[in-house]
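Data block below; observations after.
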Amino acid sequence: MTTQANYPAELEAWKERRMRNLKAPNGWLNIIGRYWLEQGSVTVGSASDNDIVLAAGPAHVGTITEDETGVTFAPADGGTPLRLQLNKQRPPQFDVGSLLLEVTTMNGENALRVRDKESKGPAAFPGIEYFPIRPEWRIVADWVPFEQELTVNTSHNIPTDVVATHKAVFTHDGKSYELIATHGTPEAPQFVIRDLTSRDSTYGACRFVYGEDVTETSIVLDFNKAINPPCAFTEHAVCPLPPAQNVLPFRIEAGEKRVDMPLA
């Protein structure tokens with residue numbers, strides 16, 4: 001149970017976990033490439049004779065084959081081919097030397113995303129600046145069921161169809177607002193939002209807020225935990241943009257501020 005007394009300490013612990021996750025081998029700071037896959041086979045590795053030439057890792061990693069039934073990875077060292085269990089929510093991952101590879105799926109199309117576990121990016125990352133803690137931006141909202149099919153755009157201009165089942169309804173300065181959860185899980189619905197701080201202080205495209213303490217009728221929206229999307233850290237991520245309903249006409253001076261870093 002969060003209280004006023006322990007809230008700052010809990011928030012600091014959350015920030016530390018957030019940083020560890022960003023810097024982890026499967027985080028967002030060590031991605032070196034993302035490549036759309038098509039029907040057929042492509043070779044992958046850092047040598048110039050590969051179809052997909054990587055900036056790091058073994059000269060020859062292996063062969064990725066996509067056909068009507070799915071995607072298979074055959075290691076270059078002659079090891080047993082790996083049949084990937086494609087999952088939009090949890091993309092399959094596998095290691096080859098210093099590389100962590102995964103195959104993501106969006107709108108029925110697959111892409112190979114590659115991380116370099118020996119990248120210097122995580123260690124060099126300067127960190128994230130936050131707004132001062134604002135307990136009043138930890139809001140208990142009404143959790144209202146409804147069903148709506150939406151098409152949301154993404155940072156790479158790839159429209160994606162989603163089905164929203166709930167909206168969070170809350171009051172700010174005497175007015176009622178609604179936020180639609182377009183992603184996430186029943187336990188942690190994900191809201192893609194934008195507010196007026198995007199003009200000068202926060203990432204211009206959007207921020208993410210994950211609902212907490214979800215019941216049948218209520219949900220906690222803690223904007224002190226509003227975070228930058230993956231595409232704020234790397235050009236090799238595809239991030240959803242907020243639906244029109246989630247673009248708020250006021251400033252939320254809470255959570256993560258804009259990150260100034262070169263895209264790599």
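Note that this is a predicted model, so its numbers are computed, not measured. Along the sequence shown, residues are numbered consecutively beginning with 1.
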Can you tell me how far the [atom1] atom of [X] sits from the [atom2] atom of [Y], to the nearest 0.5 Å?
X    : Y    : atom1 : atom2 : result
T165 : E147 : OG1   : CD    : 7.5 Å
I227 : I128 : CD1   : CD1   : 8.5 Å
I158 : N153 : CD1   : CG    : 8.5 Å
N6   : E12  : CG    : CD    : 13.0 Å
L101 : L112 : CG    : CG    : 5.5 Å
D195 : L248 : CG    : CG    : 6.5 Å

Could you tell me which non-hydrogen atom of [X] sits nearest to which non-hydrogen atom of [Y], and how far apart they are?
X    : Y    : result
P92  : L84  : CG-CB, 4.1 Å
V214 : P189 : CG2-CD, 3.8 Å
A59  : N50  : O-ND2, 2.9 Å
V140 : S218 : CG1-CB, 4.2 Å
A226 : V209 : CB-CG2, 3.7 Å
N30  : S119 : CB-CB, 3.7 Å

For this session: Apply side chain to side chain contact (heavy atoms under 4.5 Å, CB included) to the pair M19 and K15, showing each step before the final yes or no.
Result: CA-CA 6 Å; M19 190 59 59; K15 291 178 183 179; over 6 Å; no

Do [X] and [Y] sit within salt-bridge range, that is, some charged N less than 4.0 Å from a carboxylate O?
X    : Y    : result
R83  : D67  : yes
E235 : R34  : no
R134 : D222 : no

Problem set entry | Neighbour count above 12 (heavy atom, 6.0 Å) for Q39 CD | yes

Exercise. Is it the case that more than 12 heavy atoms not belonging to E136 sit under 6.0 Å from its CD atom?
Worked result: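 More than 12 within 6.0 Å, yes.
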
[X] side chain near [Y] side chain, heavy-atom distance below 4.5 Å:
X    : Y    : result
V44  : F73  : no
N110 : E66  : yes
E109 : W36  : yes
T154 : T160 : yes
R115 : E102 : yes
S98  : D116 : yes
I180 : F191 : no
F170 : D142 : no

For this session: Please report the C-alpha distance between E187 and D213 in whole Å, then the side-chain angles of each, then the deciding distance to 0.1 Å, and finally whether the side chain to side chain contact (heavy atoms under 4.5 Å, CB included) criterion is met.
Result: CA-CA 8 Å; E187 299 78 18; D213 300 336; over 6 Å; no

Under 3.5 Å, is there a donor-acceptor pair between the side chain of [X] and the main chain of [Y]?
X    : Y    : value
N246 : P242 : no
N107 : P159 : yes
D51  : T43  : yes
S155 : V238 : no
N228 : R207 : no
S198 : R194 : no
T171 : G174 : no
Q148 : A164 : no

Between [X] and [Y], do the side chains contain an N or O donor and an N or O acceptor separated by less than 3.5 Å?
X    : Y    : answer
H60  : D77  : no
N224 : Y130 : no
R258 : T197 : no

[Y] reachable from [X] in the ILVMFWY side-chain graph, under 4.5 Å edges:
X    : Y    : value
L54  : L37  : yes
F94  : V71  : yes
V247 : L196 : no
L29  : Y203 : no
I193 : L241 : no

Problem set entry | Residues K257, D200; criterion salt bridge (charged side-chain N to carboxylate O under 4.0 Å, His left out); working and verdict | CA-CA 9 Å; K257 293 186 178 182; D200 51 43; over 6 Å; no

Problem set entry | Contacts of type ring-ring contact (aromatic ring centres under 6.0 Å, His included), residue H172, not counting sequence neighbours |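 ring-ring contact (aromatic ring centres under 6.0 Å, His included) list for H172, sorted by chain: W137, F250.
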
Exercise. What residues, two or more places apart in sequence or in another chain, satisfy ring-ring contact (aromatic ring centres under 6.0 Å, His included) together with F131?
Worked result: none

Exercise. Given the rule in the side chain to side chain contact (heavy atoms under 4.5 Å, CB included) test, do V103 and Q93 qualify, once you have shown the distances and angles that lead to the verdict?
Worked result: CA-CA 7 Å; V103 174; Q93 297 183 336; over 6 Å; no

Exercise. Does K225 make a cation-pi contact with Y210, if we ask for NZ or CZ under 6.0 Å from the ring centre and within 45° of the axis?
Worked result: no

For this session: Report the residue from P75, P81, S41 that forms a side chain to side chain contact (heavy atoms under 4.5 Å, CB included) with T63.
Result: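 Single side chain to side chain contact (heavy atoms under 4.5 Å, CB included) partner of T63 among P75, P81, S41: S41.
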
Problem set entry | Trace of the side chain to side chain contact (heavy atoms under 4.5 Å, CB included) decision for V220 with I139 | CA-CA 6 Å; V220 171; I139 297 171; over 6 Å; no

